[in-house]
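A short write-up of the structure that comes next.
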Amino acid sequence: MNDDARKGVLPGLVGAVMAVCIAWAGPVMADDSYSLRLNWKMKGEFTPFVVADKKGFFSEQGLGVAVKEGSGATLALQSVATGEDDFAYVPSVQLIQAVNSGMPVKAVATVYKVDPMGMVARPGVTLDTPKDLEGKKVEIAASSTFNNVWQAFAKANDIDVSKVDVVSVSPGARFGLLLSGQVDVLADIFLTNELPVLRERGSGEMDSLTVGDFGFGIIGYTLVTSEKMIETNPDAVRKFLAGAARGFQFMIDNADEAAQLAIDSHSSELLPAPTRGQVQTTIEFLAKGEPKALFVGSDEGWRSTLAILKGAGVIDREKAPSAYYTNEFISGNE
């Protein structure tokens, strides 16, 4: 994708993001230190935060932000709730479960309007629609989010589950089983993370599909902080989002440069080709869903996500959308 095409990926975003930047950009001040806890180890889809750090977008807001790797969304949320970390980057599912359990946290940015949960087939296996799972050996990890919605997804898409050979294996074995032909489909991958790695390791074209395109369009990643931070330091929340927004927009406009910056900054963790693929796929998913404006969520989107999760038995109750997210700290949405 050339630069001109890339800059058109998210129509209407540039103005919204620049409004954030203009509203909060100013003289560089002495840094106030904060931390962002990622939900997992460093990978290409976390590139915007590396960019915001290395390009000085956080420091221009007067913030020093330590970007920390994580060991799961639940632990990241707990670290924010207890004050160990100030912000977390986690999927909406775990955030919703945390809020329902009484954890004092809230999303201050709705980043992915469509979760990148998806499926990939080994080379030579057709995977155009969910019905194509019939007659296939399909891996679904017992601990995955998709496992929780599998039965509901199958029902919604008229899949005869008796014709699907579902297996669950250890996470470390999944890629090898697919690429060696021992399973036909991995049904619980994240397209912004694992698909580029598989395509790099594979020896042919691989069909894939997005779960959200087939009746399960839930919200994906969110930026979260504590209710205490919202109440006691709202200015820091606004400034953090302004810096993060510039990191995301820089990646959208300069994908190759952003990916290289992440690779150079984390050379022991990030391989060049998969990282570039992860960055490009992340840009594609940022363009999906509504509203188009970066970081802005909608009551409709959150209500739809809650309804899907409750219908699938992932959560047992739905609160008002305002219990889970706010647009208050995004410029133009106060």
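In this chain, numbering begins with 1 at the start of the sequence shown. Given the structure is predicted, the values throughout are model-derived calculations rather than measurements.
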For a quick check under 3.5 Å, do Q182 and S180 share a side-chain donor-acceptor pair by atom type?
yes

Could you walk me through whether D188 and R174 satisfy the salt bridge (Lys or Arg N to Asp or Glu O under 4.0 Å) test, starting with their C-alpha distance in whole Å, then the side-chain angles of each, then the deciding distance to 0.1 Å, before giving a yes or no?
CA-CA 10 Å; D188 56 358; R174 299 160 70 234; 2.5 Å; yes

Suppose we screen for salt bridge (charged side-chain N to carboxylate O under 4.0 Å, His left out). Which residues come up paired with E290, at least two apart in sequence or across chains?
none

Ring-plane angle category for Y112 and Y221, please: parallel below 30°, perpendicular beyond 60°, tilted otherwise.
perpendicular

With a cut-off of 6.0 Å (strictly less than), are more than 12 heavy atoms of other residues, nucleotides or ligands near NZ of K131?
yes

Partners meeting salt bridge (charged side-chain N to carboxylate O under 4.0 Å, His left out) with K55 (sequence neighbours left out)
E257

Report the distance from atom CZ of R246 to atom CE of M251, rounding to the nearest 0.5 Å.
15.0 Å

Out of F87, F250, Y89, which residue meets the ring pair (Phe, Tyr, Trp, His ring centres under 6.0 Å) rule with F49?
Y89

From S92 OG over to I219 CD1, what is the distance, rounded to the nearest 0.5 angstrom?
5.5 Å

Assess the pair F240 and Y34: is the distance between their ring centroids shorter than 6.0 Å?
no

Once you round to the nearest 0.5 Å, how far does OG1 of T222 lie from CG of L77?
7.5 Å

CD/Q280 to OG1/T47 distance, rounded to the nearest 0.5 angstrom?
11.5 Å

Taking side chain to side chain contact (heavy atoms under 4.5 Å, CB included) as the criterion, tell me which of V237, T110, V296, V108 meets it with I330.
V296

For D115, which residues count as a salt bridge (charged side-chain N to carboxylate O under 4.0 Å, His left out) partner, sequence neighbours excluded?
none

What I'd like to find out is whether the side chain of L127 reaches to under 4.5 Å of the side chain of L133, using heavy atoms alone.
yes

Could you walk me through whether F295 and F248 pass the ring-ring contact (aromatic ring centres under 6.0 Å, His included) check?
CA-CA 10 Å; F295 289 2; F248 273 84; 5.4 Å; yes

Quick one: CE on M206 to CG on L186, what's the gap to the nearest 0.5 Å?
8.5 Å

Quick one: which residue pairs count as a ring-ring contact (aromatic ring centres under 6.0 Å, His included) with a foot in residues 165-219, not counting sequence neighbours?
F153-F216

Derivation of the salt bridge (Lys or Arg N to Asp or Glu O under 4.0 Å) call for K136 and D184
CA-CA 6 Å; K136 306 292 194 306; D184 299 308; over 6 Å; no

Partners of K113 by salt bridge (charged side-chain N to carboxylate O under 4.0 Å, His left out), sequence neighbours excluded?
none

What residues join W40 in its hydrophobic cluster, counting side-chain heavy atom gaps under 4.5 Å, either direct or through other members?
none

